[in-house]
Participant: 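Let me begin by handing over the structure; questions about it come next.
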Amino acid sequence: MPYTTNDIKSIEAKWQKHWDAYKTFKAQADVTKKKYYVLEMFPYPSGKIHMGHVRNYTIADVIARYKMMQGFNVLHPIGYDAFGQPAENAAIKHKSDPAEWTDRCIDQMHEELKQMGFSYDWDREISTCDAQYYKWNQWIFLKMWERGLAYKKVSSVNWCPSCQTTLANEEVIGGACWRCKSQVVQKDLEQWYLKITHYAQSLLEDLKQLEHWPLRVRLMQENWIGKSFGVEIYFKIKGDTETLTVFTTRPDTIFGATYMVLAPEHPLVKKLVSGTKEEKAVLVFIDETAGKSKSLRMSGDGRKEGIFIGRYAINPVNQEAIPIFIGDYVLMEYGSGAIMAVPAHDQRDFEFAKTHQLPMRIVIQNPQEPFELKSMTKAYEDPGVLVNSKPFNRIGNEEAKKKIAEWMSKERMGKMTVHWRLRDWLISRQRYWGTPIPMIYCDTCGAVPVPYDQLPVSLPKNVEMTGQGGSPLNRVEEFVNVSCPKCFKGARRETDTMATFFDSSWYFLRFCSAHNDEEIFSQQEAKYWMPVDQYIGGIEHAILHLLYARFFTKFLKDLSVIDFGEPFTRLLTQGMVLKGGEVMSKSLGNTVDPDEILAKYGADTLRLFILFAAPPEDQLEWNSDGLEGAWRFLNRVYQMVEKRYVKNFSAFDSKDQMLDRERNNAIKRVSQSFEEGFKFNTAISHLMILANAIDKYVGAGLPRLPDGEATSPLRNAIETLVLLLSPFTPHLCEELWQMMGKNDATIVKVAWPSFDEAALKQTEVTYAVQINGKIRGQFTAPVFATQEQLQKLCLTDVHVAKYVPNAGAIKKFIVVPQKLVSIVV
RNA sequence: GGGCGGGUGGUGGAAUCGGUAUACACGCAGGACUUAAAAUCCUGUGGCCGUAAGGCCGUGAGGGUUCAAGUCCCUCCCCGCCCACCA
């Protein structure tokens with residue numbers, strides 16, 4: 001047994017040391033070389049790496065090494081998304097410093113990443129909690145502030161009572177905090193926002209350019225941005241000078257509006273009810289709704305809460321007075337916070353109308369199967385023709401949408417408009433462990449930006465972390481009390497820190513010149529390396545991170561520091577790692593620690609297994625049995641080199657051509673897998689097929705073959721196998737390459753093998769014979785056999801002869817070249 | 001409710017343009033080596049019938065197109081993920 005756990009440990013350590021010493025993966029911009037930037041989503045340093053990291057980074061590493069062998073100048077960096085709440089929570093718990101905790105975690109993670117043999121340019125390692133990094137967060141923030149893209153406003157925000165901080169809409173999952181899962185409540189606060197909506201149009205439009213992104217991700221972003229075309233309609237209020245604006249995408253149903261509903265928070269509600277007999281009840285309702293969290297409000301089991309406010313609106317198209325309600329199913333954040341209700345043609349309005357016994361009117365009729373109000377059990381939302389809509393009756397509803405919208409615009413009853421689902425991005429966090437927002441509040445001058453030459457605004461050290469009473473920074477006098485940069489009078493510093501998604505929205509640019517003290521990044525370097533050619537990460541970032549990164553890229557382009565509008569050319573979303581059908585997670589206690597696998601099998605086996613078990617984008621069910629298989633395969637390859645490989649070898653016999661065909665086929669198929677969707681599982685299967693062919697060629701138990709002088713198919717096959725395998729299991733392959741007497745400094749500098757299409761050609765092929773649709777026999781024929789020859793040959797097969805007594809019985813004879821013949825008798 | 005993926009042996013998964021379904025591996029069974037075990041190697045392995053040759057069935061269900069369907073079309077069932085009172 002030549003290859004033991006100990007051997008692996010020493011081989012892997014040897015090559016990791018070698019790569020470090022020679023800086024094998026150091027990337028340097030060189031305009032004479034074609035670049036390739038491969039990037040994985042950098043980790044949050046929680047300490048140990050988990051299987052998800054292993055899978056993500058192994059995929060990236062295999063791609064990076066393949067591209068290196070292809071002669072690309074490859075940039076493959078790593079860093080740490082190091083700000084965030086776990087560090088702060090750990091600090092609260094252990095009464096320690098988040099910076100220390102984070103540093104320890106980073107050290108540990110750094111070690112583990114090295115043990116996996118990843119081809120990182122370690123000179124570019126960055127951490128977002130480093131002031132040299134977050135200084136540029138503050139720089140970006142100030143640039144945005146100057147352009148009106150960072151602003152402060154009071155609004156009802158999502159508040160996590162457990163984390164004691166606000167959350168972005170994107171961070172509220174099903175009404176709960178995305179991190180701690182507590183119920184989120186609404187709270188009025190003054191907060192910092194980034195105007196991502198300024199880029200809504202280009203964020204949507206440019207999705208079209210991202211043809212190498214998974215369709216799924218593009219659709220998710222499209223839905224999130226949520227552009228909808230519609231009409232703003234103005235309703236006068238009976239006996240009042242106020243006008244209510246509603247937004248609808250269904251102007252074709254305007255004649256069916258039988259009431260109106262406002263969001264309870266709508267600014268006009270209190271004014272409109274004042275003095276009515278409904279006032280008291282309405283105010284109680286508003287209070288009750290405000291106390292409810294959004295998710296509670298939305299969790300309605302079909303029931304729609306609401307109340308009449310005692311006023312009427314005038315439908316501009318027919319002057320009808322319709323009652324105004326407030327209802328919890330109308331959201332203040334979308335549209336104008338007011339809707340016209342068309343219960344016959346909108347399911348939500350239908351439910352509300354049923355609950356409150358409100359009238360309905362059919363205005364879209366199904367011409368095939370007309371229906372009546374009495375028999376309706378749900379709203380009719382399908383296409384149809386207009387009825388009860390005077391000048392527009394009998395028009396198809398799609399056409400009517402356009403006609404009515406145009407007519408209303410012309411008559412000034414409304415205006416065609418576009419609404420977006422995308423909201424501005426709330427970035428304020430009342431936490432310590434994040435980038436301080438570089439603003440100062442002066443009683444005289446108002447909000448004043450910290451001057452650029454005073455950046456970074458550094459986080460103070462030795463801050464007491466209690467987890468109570470808002471941001472810990474509030475209590476740090478020397479941090480808070482500053483003089484105003486404008487008038488030099490006493491002023492107060494902003495104590496909110498930035499959401500960590502800010503940090504990760506541009507780190508890929510920082511990697512281009514990771515330790516640049518002069519600028520956010522070198523424009524020249526960024527011009528060379530960017531955009532990222534291949535980005536790899538989890539589908540869970542399909543919306544948040546990827547949308548923010550695209551937003552920042554567009555902003556930086558507008559600043560003219562870069563000249564491209566999309567950061568990631570290709571995106572691969574790797575599947576989750578499961579155990580027992582569930583995602584591996586600490587809370588479920590079904591994790592497998594990569595360290596244990598490393599200790600027993602080493603990095604190469606783990607890498608090979610995780611790639612072989614499933615295609616990169618599929619879910620991966622962890623099964624340790626497969627590990628043994630990967631281990632066995634690597635052992636076979638090792639022994640193949642040790643026992644079968646000779647530098648010069650002259651044996652030659654009829655099997656040579658077959659072996660060489662397998663060799664060429666492996667090159668073709670493995671290369672293909674890199675170019676067509678990274679199907680590494682099948683790439684590895686072709687390497688196994690080549691290994692099987694080599695063993696078969698040699699014959700089991702043969703002694704080491706004698707040296708000779710001519711080139712050898714066997715030698716070529718083994719060399720090819722090692723080269724093709726090297727991106728997957730680099731340590732072993734470096735070792736084998738050296739054992740074979742090669743002098744290359746490293747295997748990644750050896751050219752990726754090319755294949756010879758001619759060697760794949762065969763002189764004879766086996767044809768299957770199908771008779772009346774069933775496979776009945778087979779025969780071999782020369783590659784260039786004519787149809788007549790094939791017909792003759794196939795009849796010589798005894799099984800065929802049984803079904804086809806003579807050539808005259810053949811009704812139809814179909815040839816699929818090189819594959820089969822199909823006979824109808 | 002909407003969108004997007006899926007459904008293939010005991011298991012993970014293969015299958016270019018519609019062309020021999022189950023590649024490759026795991027597991028399992030039998031054998032070789034061994035005092036024995038482990039490791040390694042060899043053979044077999046979709047189901048049913050058959051000593052065999054061979055036959056029939058078989059890619060979630062049912063229908064269709066075709067010489068030929070996992071793949072295309074229609075109807076339906078189930079599973080996963082994402083979004084979701086967005087007017």
Side-chain angles (χ1 to χ4, degrees), chain A residues 1 173-174 214-220 222-224 226 228 230 246-250 253 261 263 294 297-300 302-304 327-331 333-342 346-349 351-352 378 381 419-423 539-540 542-543 575-576 581 609 612-615 617-630 632-633 635-636 639 669 672 676 679 681-689 691-692 695 700-701 766-778 798-799 802 811-825:
Chain A
M1 172 90 202
I173 314 288
L215 179 66
R216 185 153 77 117
V217 175
R218 272 147 54 201
L219 287 171
M220 278 160 86
E222 194 179 316
N223 291 336
W224 191 263
S228 53
V246 306
F247 172 71
T248 182
T249 54
R250 295 293 306 273
T253 63
V261 189
K294 210 166 156 188
R297 206 170 135 182
M298 300 304 169
S299 68
R303 273 193 53 134
K304 305 246 176 299
D328 61 3
Y329 77 104
V330 175
L331 309 173
E333 315 92 88
Y334 189 77
S336 55
I339 61 155
M340 63 174 202
V342 186
D346 181 286
Q347 185 58 25
R348 295 155 298 176
D349 297 344
E351 286 163 14
F352 189 84
K378 58 174 193 192
E381 294 176 327
H419 270 274
W420 302 88
R421 192 182 167 281
L422 184 70
R423 305 291 138 73
I539 187 75
E540 68 273 20
I543 297 171
M576 308 237 183
F609 164 70
F612 184 54
E617 300 193 79
D618 288 11
Q619 294 193 328
L620 168 71
E621 175 67 35
W622 183 266
N623 177 356
S624 323
D625 294 342
L627 268 170
E628 287 289 337
R632 253 178 290 193
F633 174 69
N635 258 298
R636 271 180 64 206
Q639 292 184 39
R669 302 302 296 257
Q672 238 169 30
E676 293 163 16
K679 300 276 194 245
N681 55 330
T682 51
I684 292 165
S685 81
H686 281 101
L687 293 173
M688 290 171 169
I689 290 169
N692 291 347
D695 270 348
T766 303
Y767 274 84
V769 185
Q770 213 171 39
I771 296 159
N772 290 342
K774 285 195 183 298
I775 300 294
R776 295 296 180 186
Q778 57 176 43
V798 284
H799 304 298
K802 255 191 340 204
K811 278 199 191 132
K812 213 168 178 182
F813 190 80
I814 298 152
V815 177
V816 182
Q818 325 283 307
K819 288 221 161 87
L820 61 70
V821 297
S822 183
I823 303 168
V824 184
V825 293

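By convention in this document, chain letters (A, B, ...) are assigned in the order of the sequence lines, proteins followed by strands, and residues within each chain are numbered from 1. Only this structure's heavy atoms are used, side chains among them; waters, hydrogens and symmetry mates stay out.
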Participant: For a quick check of understanding: with a heavy-atom distance under 4.0 Å over all strands, which category does A:Lys774 fall into, base, sugar-phosphate or nothing?
Facilitator: sugar-phosphate
Participant: Using the P atom as the reference point in each nucleotide, state the distance between B:A38 and B:G30 in Å, no decimals.
Facilitator: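 Those two atoms are separated by 13 Å.
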Participant: Take atom P in B:C76 and the same atom in B:G2, then report the distance between them in whole Å.
Facilitator: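 To the nearest whole Å, 13 Å.
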Participant: Evaluate the side-chain contact (heavy atoms from CB on, under 4.5 Å) criterion for residues A:Glu333 and A:Arg423: first the C-alpha distance (whole Å), next the side-chain angles of each, then the deciding distance (0.1 Å), finally the verdict.
Facilitator: CA-CA 8 Å; A:Glu333 315 92 88; A:Arg423 305 291 138 73; 3.2 Å; yes
Participant: Nearest to the A:Leu215 side chain among B:G5, B:C83, B:C85, which nucleotide is it?
Facilitator: B:G5
Participant: Just checking A:Asp625: base, sugar-phosphate only, or nothing, at a heavy-atom cut-off of under 4.0 Å?
Facilitator: sugar-phosphate
Participant: Should A:Arg632 be listed as having a side-chain N or O under 4.0 Å from OP1 or OP2 of B:C26?
Facilitator: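 For B:C26, OP1 or OP2 has a side-chain N or O of A:Arg632 closer than 4.0 Å.
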Participant: Does A:Leu820 reach a base, just sugar-phosphate, or nothing at all? Heavy atoms under 4.0 Å.
Facilitator: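 Base contact - A:Leu820 has a heavy atom under 4.0 Å of at least one base atom.
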Participant: Applying a 4.0 Å non-hydrogen cut-off, can you work out what A:Phe612 is touching in the nucleic acid: base, sugar-phosphate, or nothing?
Facilitator: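 Base contact.
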Participant: For nucleotides B:G1 and B:G50, find the distance between their P atoms and express it as a whole number of Å.
Facilitator: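 Their P atoms lie roughly 50 Å apart.
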Participant: P atom, B:G54 versus B:U8: distance in rounded Å?
Facilitator: 31 Å
Participant: For B:U20 versus B:C72, give the span between their P atoms, rounded off to a whole number of Å.
Facilitator: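 The same atom, P, in both gives a distance of 16 Å.
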Participant: Using Watson-Crick or G-U wobble geometry with both distances under 3.5 Å, which nucleotide pairs with B:C28?
Facilitator: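 Matched B:C28 with B:G44 under the 3.5 Å cut-off.
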Participant: Look at all strands and tell whether A:Arg216 reaches a base, only sugar-phosphate, or nothing, counting heavy atoms closer than 4.0 Å.
Facilitator: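 Sugar-phosphate contact only - A:Arg216 comes under 4.0 Å of backbone atoms but never of a base.
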Participant: Assign A:Asp346 to base, sugar-phosphate, or nothing according to its heavy-atom contacts below 4.0 angstrom with the strands shown.
Facilitator: nothing
Participant: Please state the C1' separation for the pair B:A23 and B:G62 - nearest whole angstrom.
Facilitator: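 Those two atoms are separated by 30 Å.
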Participant: So, for A:Arg421 and A:Tyr334, which heavy atoms are closest and what is the spacing to 0.1 Å?
Facilitator: CA-CE1, 4.1 Å
Participant: Can you name the closest pair of heavy atoms from A:Arg250 and A:Met340 and give their distance?
Facilitator: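 That closest heavy-atom pairing would be O-CE, 3.8 Å.
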Participant: Scan A:Pro615 against the nucleic acid and name what it touches under 4.0 Å (heavy atoms): base, sugar-phosphate only, or nothing.
Facilitator: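 Answer is sugar-phosphate: A:Pro615 comes under 4.0 Å of backbone atoms only.
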Participant: A:Arg218 and A:Asn223: side-chain donor and acceptor closer than 3.5 Å?
Facilitator: no
Participant: Across all strands, who's sitting opposite B:A38 as a Watson-Crick or G-U wobble pair, both distances under 3.5 Å?
Facilitator: none
Participant: For B:A84, does either OP1 or OP2 sit under 4.0 Å from a side-chain N or O belonging to A:Arg421?
Facilitator: yes
Participant: How is A:Arg636 classified with respect to the nucleic acid when contacts are heavy atoms under 4.0 Å: base, sugar-phosphate, or nothing?
Facilitator: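 If one applies the 4.0 Å heavy-atom cut-off, A:Arg636 turns out to touch the sugar-phosphate alone, with no base involved.
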Participant: Which part of the nucleic acid, if any, lies within contact of A:Gln347, taking any heavy atom under 4.0 Å across all strands shown: a base, the sugar-phosphate backbone alone, or nothing?
Facilitator: nothing
Participant: Suppose we call two aromatic rings close when their centres sit under 6.0 Å apart. Are A:Trp622 and A:Phe609 close by that rule?
Facilitator: yes
Participant: Applying a 4.0 Å non-hydrogen cut-off, can you work out what A:Ile775 is touching in the nucleic acid: base, sugar-phosphate, or nothing?
Facilitator: sugar-phosphate
Participant: Can you check whether A:Arg776 has a side-chain N or O nearer than 4.0 Å to OP1 or OP2 of B:G55?
Facilitator: yes
Participant: Sticking with atom P, work out how far B:U51 lies from B:A37, rounded to a whole angstrom.
Facilitator: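 Nearest-Å result for B:U51 against B:A37 at atom P: 34 Å.
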Participant: For A:Asn692 and B:C24, is the shortest distance between a side-chain N/O and OP1 or OP2 below 4.0 Å?
Facilitator: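 No.
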Participant: Give one of base, sugar-phosphate or nothing for A:Gln770, where a contact means two heavy atoms less than 4.0 Å apart.
Facilitator: base
Participant: Provide the distance between the two P atoms, one in B:G18 and one in B:G70, to the nearest whole Å.
Facilitator: 13 Å
